[in-house]
Amino acid sequence: MNIAAILVAGRVAWNRAKPLLVRDAVIYPAIGFLGLILLWWAIALVRHELMPTPLEALTANLDYIFHPFYRRGPGDLGIGWLLLASLRRVSIGFLLGAAVAIPTGFLIGLSRPAMLILNPIIQILRPVSPLAWLPIALAMFGVAEPSAIFVIFITSLWSTMINTALGVASVPKDYIDVARVLEMPAYRRIYKIILPASLPYIFTGLRLSLGIAWLVIVAVEMLTGGVGIGFFLWDEWNRLNLSSVFLAVIVIGLTGLILDYLIGRLQVLVTHRPAKTGG
């Protein structure tokens, strides 16, 4: 088959697939968002004394939308700066959690005694609410910033740790036996065999942990105050400014979607396998 024929076949396949892609990627999601906006509008019409309509919320937030990085004083920052402050806390806590969770997950997956020792601790601490860790963090650090990062760290550990241990334990035994026959050192077995086979599990855990971290930072900032998207949401609610509350909710949701997409792209680059949706 010559190049021209390949190009023609590719064009025909694209023309056939394009309507399906447009339907699945544009039309169906647009219908879902339109339904959500209509539901919001209907509720706002019933509770109009408190809740703004989508159009009213959009109009009230134009300054935040068009000037997200303004600085008009120590406590008057654009929503872009607030979002960056929250992302910085999440990034630090999440990366610290991953740095602890992945090696510990490998230890649990490779060593039965380690699993028997650590599994009860994990099962006890994993269900603890993030807000229950906050008073402990405040008692340890005394100030809000490191306390928020610690809560992110402790709550983002478990999904990555458990999924890493599951991935390591799921490596086919035949692979390990062959490596032993070839007298491959333990560190090379981990690097060449166990790690590549475990990467999909590790990234699944990382995606779950990042989602949890982004959920937690909003709640923590509501309680600790300072600069951040969570405090902004709580402060606007105290002012009964629901237009800005809805803006914060949308920004939080879109940011979580983008974070999940980015780590999914990273998974594809590292594993050369398509990332599964969700998490």
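Computed over heavy atoms, backbone and side chain alike; hydrogens, waters and symmetry mates excluded.
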Heavy-atom closest contact (S209 atom, T160 atom, distance): OG-OG1, 2.7 Å

Where V151 and T155 come nearest, the two heavy atoms and their spacing: O-OG1, 2.7 Å

With sequence neighbours excluded, residues passing ring pair (Phe, Tyr, Trp, His ring centres under 6.0 Å) with F106: none

Residue list, side-chain hydrogen bond (donor to acceptor under 3.5 Å, both in side chains) with N241, at least two apart or on another chain: E236, S244

Qualifying residues under ring pair (Phe, Tyr, Trp, His ring centres under 6.0 Å), relative to W40, sequence neighbours excluded: F246

Shared hydrophobic cluster, I37 / I31 (ILVMFWY, side-chain heavy atoms < 4.5 Å): no

Sequence neighbours excluded - ring-ring contact (aromatic ring centres under 6.0 Å, His included) pairs with any residue from residues 110-166: F141-F150

From L247 atom CG to I79 atom CD1, the distance as rounded to the nearest 0.5 Å: 4.0 Å

4.5 Å side-chain heavy-atom contact, I194 and L110: yes

Contacts of type ring pair (Phe, Tyr, Trp, His ring centres under 6.0 Å), residue F69, not counting sequence neighbours: W81

Gap separating the CG atom of L87 from the OG atom of S91, nearest 0.5 angstrom: 6.0 Å

Exam field: side chain S147 to backbone A137, donor-acceptor pair closer than 3.5 Å: yes

Close side-chain approach of F232 to L77, heavy-atom, < 4.5 Å: no

Distance, nearest 0.5 Å, that separates CD1 of I202 from OG of S159: 14.0 Å

Verdict with supporting geometry, R88 and I92, side chain to side chain contact (heavy atoms under 4.5 Å, CB included): CA-CA 6 Å; R88 181 179 60 81; I92 296 172; 4.0 Å; yes

Joint hydrophobic cluster, I102 plus V100, side-chain heavy atoms closer than 4.5 Å: yes

Student check: side-chain heavy atoms of N163 and F203 closer than 4.5 Å: no

Residue pair L157 / G97: nearest heavy atoms and the distance that separates them: CD2-O, 3.3 Å

N61 side chain vs A57 backbone, donor-acceptor pair below 3.5 Å: yes

S156 vs I212 side-chain heavy atoms within contact, under 4.5 Å: no

Interatomic distance, I217 atom CD1 to E221 atom CD [nearest 0.5 angstrom]: 4.0 Å

I162/R126 under side chain to side chain contact (heavy atoms under 4.5 Å, CB included): CA gap, chis, key distance, verdict: CA-CA 10 Å; I162 291 170; R126 183 170 62 91; 3.4 Å; yes

Heavy-atom donor-acceptor pair, T164 side chain to G105 backbone, under 3.5 Å: no

Side chain proximity check, L82 to S86, heavy atoms < 4.5 angstrom: no

Cluster overlap L95 with L84, hydrophobic side-chain contacts below 4.5 Å: yes

T204 side, atom OG1; Y201 side, atom OH - distance, nearest 0.5 Å: 8.5 Å

Any donor-acceptor N/O pair, W214 side chain to D260 backbone, under 3.5 Å: no

Polar side-chain atom of T224 near backbone of A144 as donor-acceptor pair, under 3.5 Å: no

Test log, rule side chain to side chain contact (heavy atoms under 4.5 Å, CB included), inputs L58 and I65: CA-CA 9 Å; L58 176 64; I65 295 170; 3.7 Å; yes

Cluster link L96 to V143, ILVMFWY, side chain under 4.5 Å: no

Between CD1 on residue I43 and OG1 on residue T53, distance to nearest 0.5 Å: 13.0 Å

Shared hydrophobic cluster, I258 / L266 (ILVMFWY, side-chain heavy atoms < 4.5 Å): no

Beyond-backbone contact of I154 with I136, side-chain heavy atoms, under 4.5 angstrom: no

Trace of the side chain to side chain contact (heavy atoms under 4.5 Å, CB included) decision for L210 with V90: CA-CA 8 Å; L210 186 57; V90 167; 4.1 Å; yes

Where I122 and P127 come nearest, the two heavy atoms and their spacing: O-CD, 4.4 Å

Heavy-atom side-chain contact between D235 and R239 under 4.5 Å: yes

4.5 Å side-chain heavy-atom contact, N238 and W234: yes

For E56, all residues meeting salt bridge (Lys or Arg N to Asp or Glu O under 4.0 Å), sequence neighbours excluded: none

